[in-house]
**Q** 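Structure incoming, see below.
Letters A, B, ... mirror the listed sequences (proteins, then strands); counts begin at 1. Given the structure is predicted, the values throughout are model-derived calculations rather than measurements.
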Amino acid sequence: MDNMDVAKPGKAQNEEFLRLFLANQRAIYAYILSMVPSAADADDIMQDTATMMWDKFDDFKLGTNFGAWGVTIARYKIMEYHSKKKRNLDLVSGELLEQISQVASQKVMRMDDRLKALDQCLSKLNEKNRKLIHIRYHQGLTIKKIAEQLKRPAAGMYKVMSRLHESLSRCIALTLSAWGQGNE
Amino acid sequence: MNNNNYQNQSVLSEWVLRKLDGSMTDQQRAELYQYLEAHPEAIESYVDLTLLYSCLSEKGSQLKVPAEPLIVSGEAYSEALNALAEYELQALPQEVEPAAKPKPEIITSISKPVSSGPGRVNKFSLFTAVASLAALLLMIAYVTLFPVKKTREAVAQVTDSVGVKWANPAMSADVGNHLNNFDGPRHLLKGCVKIEFYTGAEVIIEGPAEFELKSFESMYLSYGRVYATVPTEASGFTVNTPCSSIVDIGTEFGVKVDFDGTSDLHMFKGRASMAAGINDETHPAREVVKGQALRVDPSTEQMQAIQVSRKMFARHIASDHGMVWRGEAFDLISLAAGGDGISKPGFATSIDPRTGLQVQRLHDDRNVPNTYVPVPWNKFVDGVFVPNGNQTQVVTSQGHAFAECPVTNGVFCSDLTMNMSATIDDVPMVLDGVRYGRPGKPGLFIHANLGITYDLERIRAVLPADSELIFRSKIGVSEEETPRDCNADFWVLVDGQIQYQKRNITTKGLCDQIEIRLRKSDRFLTLMTSDGGDPDIVGYKDGGRATDSDWCIFAEPVIDIE
């Protein structure tokens, strides 16, 4: 027990990790999200990644890119996940995952800018569309549930939401480009 | 960006949404990955959409939504949702119930694990080669065995109609009906029908017309006229005709197809592309912008520029008022007379400012208090009054006061007159040599002292949402032949605030032009005349009143719409 107590990191290290993790967790999570079949899977992998990052924090060199380091660990966890779920690999090739990983690992490093751009783009939505986004992401209703509540066909609601997301995504790209950050 | 690109982007967006909310089947996932393998340039869009989802999940809790509260429950919740759309559940395709998605947790405390345990073997690289081959085989098998099957489903809903008559009642489209793709063509003999696609595009089809809804984002027009309003999120909406394909790029446009197939595209806002033929890549698409029009000749498939027609298409309908709007300005004289401001001139000739009732015009001096009087029989006119600043002058039913209202003699000598005959008391109404009070040259005879207030909110209610309104009119004192002098003031107020004033007009026949851009928050528009402030009796040749000879006219007053 005494040895274990000695091995525990000090309070300062604990706080340093927490600070870095909180600043980078959205980028790491977004990266994972792009690489796995669902948000539920991404949540699990995020937890595993966080645990491993803490476990390996002694190896991290302060002053280097914590987010990039986290993405590297997340990548390892994602590959581990795909290895376990062989069915996924029947559907997606390693080459494609690698391509996605390369694009996503660069883009997630600008998540803060994306959030700012999203703020602008959301303000341009009309009230009806803003409400749809609110219901989906704030109230947490699935698209199918929203369709049921609105008594609309689910297929139609997916079309509406996908158009809306596509429109927002295009707006963010244009905004980032206007800010000179298009080439992430 | 061509139509295919738009559709692909939209499909990709739907795939990402389904993937992330857990409602994607393995088959759909295979389609997604197959698409990305075949279109590596789409990987960036895929990642962008995924990151958007992540950002929105984080932003969701901070979203500010104006107007009514959103986080509601029970009946209020249903009402809030139902207010968003009028669709009805119909012909739902079978879908996998999405798994409940736990929100990503924000980690606020960390404790180091006691031991990290032995490292696990990463077998991913081992599987990679096998997986690539398996995926390839799966894609080939999938395309071979499961060709894309289009399902019949509700793609749009009828939201309004005016004066419609259908050739086949079994194939009519009544308000509230859901319309499926693959229903076959519908024949609208006359009238106008408004249809909202679930993707957000809205079309007004005017009979005679034959049309068919093809998908959530496309329709076919054999002949007739259609006006499409396409919000940004529905960009790519397509109208195909017998000889052309028109793809929207976030716009408003009209399409007219003659019986011989001649197809015209008229652009009113934004941009669209038009190509001769349908999905015929041998004909390059031409982009058309606001104020331009193109025609495709079906026999030669040649395109030529034509004049855009601003009033050819039914651009807005309001069945409550039996109104079809084609882009015309609203005639304020027609509205005051009980008409619709467009095609119906109205029935009333004059309004008595003491009662608000419609009357036969009387020309006689009457001295009254400055009470604001509502006009309940007219939905567009809020009220009338005889202005006098000796007491607070209220100019709207909401109590807006006209603080700068001048003191007058409190007299009006003629009822407020809309359907002016060519003459008033055998005297023609003339401004700047132009005679008003005849067809095509309407004039509001508003002999001092008089005021009339229009309710802009009610006018906006029959117009397309977010319309920009502009008030335009000419004003002046008529060139009547009596030798008496005039001295009159003209005022235009919005919510009691002065927007225009022309004081002490002492020359008859001079015409001034008014143009006032109205704000969306403006509620009431008041037109008013006053007697110029000169005293009664003194200084007039026949010993008249201050109001004498103040034959004021608002000529061709309209609310124009942008």
Side-chain angles (χ1 to χ4, degrees), chain A residues 8-9 17-18 21 26 29-30 33-34 37-40 43 46 50 54-55 79-80 82-83 89-96 99-100 103-104 107 114-115 118 127-128 130-131 134 137-138 142-144 149-156 158-169 173, chain B residues 9-10 13-14 17 19-22 29-30 33 36-37 43-44 47-52 54-61 63 65 70 81 84-85 87-90 92-93 95 98-99 101-102 104 107 110 112-113 116 122-124 127-128 131-132 134-135 153-154 198-199 216 232-234:
Chain A
K8 272 186 183 174
F17 177 84
L18 195 56
F21 186 83
R26 70 162 63 105
Y29 180 77
L33 207 54
S34 69
S38 73
D43 294 341
M46 185 68 198
W54 177 233
D55 195 29
M79 296 310 167
E80 192 177 84
H82 281 297
S83 300
L89 290 177
D90 290 340
L91 301 176
V92 60
S93 71
E95 287 86 348
L96 179 59
Q99 284 177 292
I100 295 171
V103 175
K107 283 182 178 278
R114 271 177 191 274
L115 279 165
L118 175 61
E127 193 179 334
K128 180 177 164 183
R130 204 150 53 221
K131 282 179 179 174
H134 183 95
Y137 291 98
H138 179 72
T142 62
I143 294 173
K144 190 180 175 195
Q149 295 280 357
L150 292 174
K151 298 183 177 174
R152 297 166 73 166
Y158 265 105
K159 297 281 179 201
V160 170
M161 292 298 272
S162 54
R163 290 278 188 177
L164 189 49
H165 281 71
E166 183 207 337
S167 169
L168 279 173
S169 182
Chain B
Q9 286 287 326
S10 185
S13 179
E14 183 174 341
L17 284 181
K19 170 179 173 287
L20 295 176
D21 75 9
R29 193 171 298 123
Y33 292 139
L36 293 177
E37 293 265 16
I43 289 174
E44 192 163 337
V47 172
D48 282 343
L49 286 161
T50 305
L51 301 194
L52 170 65
S54 177
C55 289
L56 281 169
S57 297
E58 184 175 338
K59 275 279 168 212
S61 58
L63 268 179
V65 183
L70 277 164
L81 288 172
L84 291 176
Y87 306 157
E88 189 175 290
L89 195 62
Q90 180 178 306
L92 263 180
E95 295 195 15
K101 172 196 166 303
I107 296 176
I110 301 285
K112 190 173 173 77
S116 55
N122 177 5
K123 297 179 181 172
F124 180 76
F127 285 119
T128 302
S132 301
E153 56 194 343
Y198 293 145
T199 42
F216 286 103
T232 310
E233 61 269 21

**Q** Taking side chain as C-beta onward, heavy atoms only, is A/Gln99 less than 4.5 Å from B/Leu36?
**A** no
**Q** Is there a side-chain contact between A/Tyr158 and B/Glu14, using heavy atoms and a 4.5 Å cut-off?
**A** yes
**Q** Which distance, rounded to the nearest 0.5 Å, do you find between the CD1 of A/Ile143 and the CG of B/Asp21?
**A** 5.0 Å
**Q** Are the side chains of B/Leu52 and A/Arg114 in contact, using a 4.5 Å heavy-atom criterion?
**A** no
**Q** Donor-acceptor pair, distance only, cut-off 3.5 Å: does the side chain of B/Ser13 make one with the backbone of A/Ser162?
**A** yes
**Q** For B/Thr50 and A/Ala30, which heavy atoms make the closest approach, and how far apart are they?
**A** CG2-O, 4.4 Å
**Q** Give me the atom names and distance for the closest heavy-atom approach of B/Leu49 to A/His165.
**A** CD2-O, 3.9 Å
**Q** Grab the two heavy atoms, one from B/Ser54 and one from A/Tyr29, that are nearest each other, plus how far apart they are.
**A** OG-CD2, 3.8 Å
**Q** From A/Leu115 CG over to B/Leu51 CG, what is the distance, rounded to the nearest 0.5 angstrom?
**A** 10.0 Å
**Q** About how many Å separate OG of A/Ser34 and NZ of B/Lys19, when rounded to the nearest 0.5 Å?
**A** 7.0 Å
**Q** Using non-hydrogen atoms only, which part of A/Ser167 is less than 4.5 Å away from chain B: side chain, backbone, both, or neither?
**A** side chain
**Q** From B/Leu20 CG over to A/Leu33 CG, what is the distance, rounded to the nearest 0.5 angstrom?
**A** 4.5 Å
**Q** Kindly give the heavy-atom pair with the smallest separation between A/Lys107 and B/Val47, and that separation in Å.
**A** CD-CG1, 3.7 Å
